[in-house]
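The sequence lines fix the lettering, A, B, ..., with proteins before strands; numbering per chain opens at 1. Just so you know, these numbers come straight off a predicted model, no measurement behind them.
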Amino acid sequence: MAINSRLLETNLIPIKIFNMQHTFESAQPLTFYADYYIRENMIKYPSNGRILELKHSGSINDGSISAIGSNTIYALQEVKKRFRLQDRMNYIYSKIDTDTFMSESIKKYFGMRVTMNDPWETTVVFIISQFNNVKRIRLITKKLMEHFGTPIYDEHNMIIGHNFPTIESIAKASETDIMSCGPGFRGKYLKSAAQTCMENLDLYSLNGKNYYKIKDALMSVHGIGEKVADCIALMGYGKTEAFPIDRWVKRVMERIYFKKEQKIDKIADFANSRWGKYAGYAQQYIFWNGRSIGVI
DNA sequence: ACCCAGGCGGGCG
DNA sequence: CGCCCGCATGGG
């Protein structure tokens, strides 16, 4: 309590082992709709009806996040949840640092966190992500927000951004309007997923369920398969045992651990037994490092 | 011009 | 089951 009130007064949230740039850039939901200012080491994004501006200062090992000009109490809980402040990074690193490739990946992207995001927002961005590239996922997501998200105003009544589109707004949108945002063949998945989430599946009732229940429920949605379901389980529900296998992860795993082509199921089993509850963290480092080095 | 991108559903054997 | 194919779109 004493600590909390001090934090509120100073508007500083301590965070150890955190690299904002790697966390932002590594193709997680924030990559697709936030803006990052490298010079200020500041991230800016809409959250729950307001624009949040968060600045990271200090060092990667021992720094702090401050919320600029916004509701401090709200920012405190948002940061705590979004960047998973409950994670003991040294402990997690000790669990996933199993070999030279993992050591190299952790060293290179030290402080990259797995983020915790809204389930619906996570669902949308990862439906868009399929057979797509990071730049275009971002382009499409931003267009959807401008088109379907309600505007956010500053104190002078100027529009300073848009909220993420609600489930309802996508469910009742016309196909033409959705397609004008450039999703291509994923447009039909977006709309039907939104309709399913209105009628048959309450995404928010899945909070607190176990990994398998969440994954099964997600995969019942047309347009969500294994990989996207795992991404949502990991980044939308915080299930760190989820191990999404996309083409990059598959290539790295085959190259580094199997030395030959391998089925997805075998790779998933291997990851589960090797990294267990923190396979999702391992995956994020494998994915991002593998992608950066072009899988050797 | 050609290739690729954080996959998926559908159809076939 | 497992396998293979098409899929919209934009950037390198």
Checklist entry - Does a donor on one side chain sit under 3.5 Å from an acceptor on the other, for A/Asn61 and A/Ser59? => result no
Next on the checklist: Taking any atom closer than 4.0 angstrom to a non-hydrogen atom of chain A, what span of DNA chain C does the protein reach, first nucleotide to last?
Outcome noted: C/dC3 to C/dG12
Item to check | Nucleic acid contacts - residues 18-29 of chain A versus DNA chain B, non-hydrogen atoms under 4.0 Å | outcome: A/Ser26, A/Ala27
Item to check | Nearest-angstrom distance, P atom, C/dG10 to B/dC8 | outcome: 22 Å
Checklist entry - Separation of A/Trp248 atom CH2 from B/dG7 atom C1', in whole Å? => result 15 Å
Checklist entry - Can you tell me how far C1' in C/dC3 sits from the matching atom in B/dA5, rounded to whole Å? => result 22 Å
Identify each atom pair where a protein N or O and an N or O of nucleotides 8-11 of chain B are less than 3.5 Å apart, giving names and distance.
from, atom 1, to, atom 2, distance (Å)
B/dC8, OP1, A/Gly225, N, 2.9
B/dC8, OP1, A/Gly225, O, 3.2
B/dC8, OP1, A/Val228, N, 2.9
B/dC8, OP2, A/Lys227, N, 3.4
B/dC8, O4', A/Gln130, OE1, 3.1
B/dG9, OP1, A/Gly223, N, 3.1

Item to check | Any residue meeting side chain to side chain contact (heavy atoms under 4.5 Å, CB included) with A/Thr98, in chain and number order, not counting sequence neighbours | outcome: A/Met102, A/Arg274, A/Trp275
Checklist entry - Would you call A/Arg138-A/Asp35 a salt bridge at under 4.0 Å N-O? => result yes
Next on the checklist: Is it the case that the side chains of A/Glu121 and A/Tyr33 hold a donor-acceptor pair, with the cut-off being a distance below 3.5 Å and no angle test?
Outcome noted: yes
Checklist entry - OG1/A/Thr123 to CG/A/Leu218 distance, rounded to the nearest 0.5 angstrom? => result 6.0 Å
Next on the checklist: Under 4.0 Å, heavy atoms only, any strand: does A/Lys263 hit a base, just the sugar-phosphate, or nothing?
Outcome noted: sugar-phosphate
Expected list for residues 236-243 of chain A: side-chain donor-acceptor pairs under 3.5 angstrom, two or more places apart:
from, atom 1, to, atom 2, distance (Å)
A/Tyr237, OH, A/Leu203, O, 2.7
A/Lys239, NZ, A/Lys209, O, 3.0
A/Thr240, OG1, A/Lys277, O, 2.6

Checklist entry - Do A/Asn289 and A/Glu104 have side-chain N/O donor and acceptor atoms under 3.5 Å apart? => result yes
Item to check | Residues in salt bridge (Lys or Arg N to Asp or Glu O under 4.0 Å) contact with A/Arg82, at least two apart in sequence or another chain | outcome: A/Glu78
Checklist entry - Between A/Trp288 (side chain) and A/Ala27 (backbone), is there a donor-acceptor pair under 3.5 Å? => result no
Next on the checklist: Pairing donors with acceptors under 3.5 angstrom, does anything connect the side chains of A/Thr166 and A/Glu168?
Outcome noted: no
